[in-house]
Number of protein chains: 2
Amino acid sequence: MVTIKDIAAILQVSPSTVGRALADDRRISAEMKRKVNEAATQVGYVANQAARMMRGVESNLVGLIVPDIRNSFYSTIAHALSRCLLSANYQLTLCETDDDRMLELRHIKELTSVNVAGIILVPSAKPHPDSARFLKMTPHIQLLRKQQLLGEQWFGIDDRRALYESTLHILSEGHRRIAYIGGTEALPTGAARVQGFREAVKTSSHQVDIHEELGAPSSPEFGREAVRRLLSLKERPTALVIGAVQNTSGVIDEIQDQALSVPRDISVVGFGDELGYRWWGPGLTTVQLPVSQLATACGLWFLHHLQNKGDLDTPYSFISPPQLIIRGSTAAPSNPR
Amino acid sequence: MVTIKDIAAILQVSPSTVGRALADDRRISAEMKRKVNEAATQVGYVANQAARMMRGVESNLVGLIVPDIRNSFYSTIAHALSRCLLSANYQLTLCETDDDRMLELRHIKELTSVNVAGIILVPSAKPHPDSARFLKMTPHIQLLRKQQLLGEQWFGIDDRRALYESTLHILSEGHRRIAYIGGTEALPTGAARVQGFREAVKTSSHQVDIHEELGAPSSPEFGREAVRRLLSLKERPTALVIGAVQNTSGVIDEIQDQALSVPRDISVVGFGDELGYRWWGPGLTTVQLPVSQLATACGLWFLHHLQNKGDLDTPYSFISPPQLIIRGSTAAPSNPR
DNA sequence: CTGAAAGCGCTAACAA
DNA sequence: TTGTTAGCGCTTTCAG
């Protein structure tokens, strides 16, 4: 490893001169800077961040903790954040929790141990108390999911409204037997979504039969099973409202496998907007979530606070509105009562 | 920040004792270790990695450089690697290059500067010479794409064979007017794929008309335009063979927009296997690439070398075979000549 | 079994 | 404008 001393030796000057020259200190002559920079690139010098940080210089690493990067939600977030942070010379460190609180804790510890400048996280369902403790030592912000325990700064999506609107759409098409397939109420997002569903149903002046299939953890398999259960009911629902990205593909695969005709036999509203939803049958009507914009907003806000040493303790919420994309999978029921 | 000294002060022992106790040195009494560990968790001590590394202890950070994490190829890779590395207590640092060599260089510098234990990268089309120079200082391995310049260790997919097989499939269905839509030959993967296409065509005993649409960079838009150009030909191709993930969605969207009937009007073989390809029309016949397995293999190999100080300089290639998934989008041409 | 002290590469206060 | 020096938190000799 080539250090500042090596360069100093080559140029026959003191290490501090070299350090200052590289830091573009104004007390150093232009001539010296030129020589130093030349020598540095010559020998392939790279500053040792570890040594820097020991002198109190802040790290340029930002931790991102998500459940699973393969989920397009989170990869979109990672991309948006990495772009955003790059412009301010920050690096992103990726951690996956698999929604496991112990893994989450381990990652948080690890990140504090490398002195990250901050942490952006999508918290797990029930974070470990110690996670909160370690997070207190580092600027952090929550994304999508909000856990009171972990802090008050949060960027998220209006989950309640997302399901409120998709359910309203189904009701307005005339459906009166509706099923909801979503995630557990233990997750704040899951809870908000069922709530939106229920509230929408309540606004209806008709009598509406509802079924709720709440699964934890959400997965394509759960979606499939839920559909199977619902279809075996005496009074089949005429419409399905989905409230979890991970469920969606399972639900629509099962519907396709059962050879149901959409929207004639059943209407479906999805959640999230994966590439491919538009290819499914008549196109899947779905709630699109502005994740990319959300992540960018979050990144900018975070950067602002990191750079201005602003505190990230005061409660702050940024709620971003979802948008219903109407495609062919929803229509009036074929034989409404 | 709470340091080893603080704990020493609390317990009225020397810092070195605490350090040793935490490192589980066998010369320290069990009793002392117990006390130290208790105090450490009590006050929320986290080791300062920066200080550690200055003492020559290796970092537990591994850099991952990919073009764009939103591409399911790369998110799958990131996931597989992060799982794999986690088991050995390594963290993944994510860098996106957007296929820009300067950004790539910047990331590589940054990573060496934080003393990452190693770098796993999907190189850009034409890496900067300096990238090679800096990579020499760090254990590294290439994934998917291989650039001679950057080293000899590579884990990839048999791109030639992937297109050889998909083209062969189309030929065996009886097509004689075939178009290829893929990426630039400047990328090693792109070159290998067209080559596979051409070789397959050569094996045919019939006369085969071919069209090649090579675009850089690959994108849905390029796919759409390519389809438009091909459909405006006097003699339209009866089959399309795709050779880039990013092109695929554009191609199939355009075909859908033009209201062509698949496979009656035209047969299509895709590349990669995104969620949703199975939903498109009669299901997209496509080449599936075992990216997850590849990444895991790569991760294990990399770990092995990091931990055993094995050298990563000796040439090594691991080539993983693709698999053709036959769905409904390919059939015999309706009016073969 | 435990303590004292040196030093990793860098920055910044203090000297010149 | 440049040099000297101390010290960040930790590991690791070398001494007790």
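Residue numbering restarts at 1 for every chain, and letters A, B, ... go by the order of the sequence lines.
Classification of the A:Tyr316-A:Trp301 ring pair by plane angle, with boundaries at 30° and 60°, yields parallel.
The distance between atom CD1 of A:Ile4 and atom P of D:dT2, rounded to the nearest whole Å, is 15 Å. For the pair A:Met54 CE and D:dT11 P, the interatomic distance rounds to 11 Å; values are reported in whole Å. Computed from coordinates, the A:Met53 CE to D:dG7 C1' distance equals 16 Å when rounded to whole Å. When the P atom of D:dG3 is taken as reference, atom CG of A:Asp25 falls 13 Å away, rounded to whole Å. Separating the OH atom of A:Tyr45 from the P atom of C:dC10 is a distance of 4 Å, rounded to the nearest angstrom. In this entry the distance linking NZ of B:Lys5 with P of D:dC8 reads 5 Å, nearest Å. As rounded to whole Å, 13 Å separates atom P of C:dG9 from atom CD1 of A:Ile7. Spacing between atom CG of A:Asp6 and atom P of C:dC10 amounts to 9 Å, rounded to whole angstrom units.
To the nearest 0.5 angstrom, A:Ile108 atom CD1 is 12.5 Å from A:Arg133 atom CZ. Rounding to the nearest 0.5 Å places CD of A:Gln91 at 8.5 Å from CZ of B:Arg106. Separating the CD atom in A:Glu152 from the OG atom in A:Ser317 is a distance of 7.5 Å, to the nearest 0.5 Å. One finds the CZ atom of B:Phe155 at 12.0 Å from the CD1 atom of B:Ile77 (value rounded to the nearest 0.5 Å).
The B:Arg52 side chain lies nearest to D:dT11 when the options are D:dT11, D:dG3, C:dG3. For A:Arg27, counting side-chain heavy atoms from C-beta on, the closest listed nucleotide (D:dT2, D:dC10, D:dC14) is D:dT2. Nearest to the side-chain atoms of B:Arg20 among the listed nucleotides C:dC10, D:dT13, D:dG3 stands D:dT13. Picking from C:dG9, D:dT2, D:dC10 the nucleotide with the shortest atom distance to the side chain of A:Ile28 gives D:dT2.
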Under 3.5 Å donor-acceptor pairs involving side-chain atoms of residues 290-297 of chain B, not counting sequence neighbours:
unit_1   : atom_1 : unit_2   : atom_2 : d
B:Thr296 : OG1    : B:Ser292 : O      : 2.9

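For A:Ser16 against D:dT4, a side-chain N or O and a base N or O form a donor-acceptor pair under 3.5 Å.
Along DNA chain C, the nucleotide nearest to A:Arg55 and the one nearest to B:Arg26 differ in position, and the one closer to the 5' end is contacted by B:Arg26.
For C:dG3, one of the phosphate oxygens OP1 or OP2 lies less than 4.0 angstrom from a side-chain nitrogen or oxygen of B:Thr17. For C:dG3, the OP1/OP2 oxygens have a side-chain nitrogen or oxygen of B:Ser14 closer than 4.0 Å.
If one axis is set at each end of the helix from C:dC1-D:dG16 to C:dA16-D:dT1 from five pairs, those axes are 40° apart, to 10°.
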Take A:Arg101 and A:Glu104 through the salt bridge (charged side-chain N to carboxylate O under 4.0 Å, His left out) test and state the conclusion after the steps.
CA-CA 5 Å; A:Arg101 67 207 293 249; A:Glu104 180 178 58; over 6 Å; no
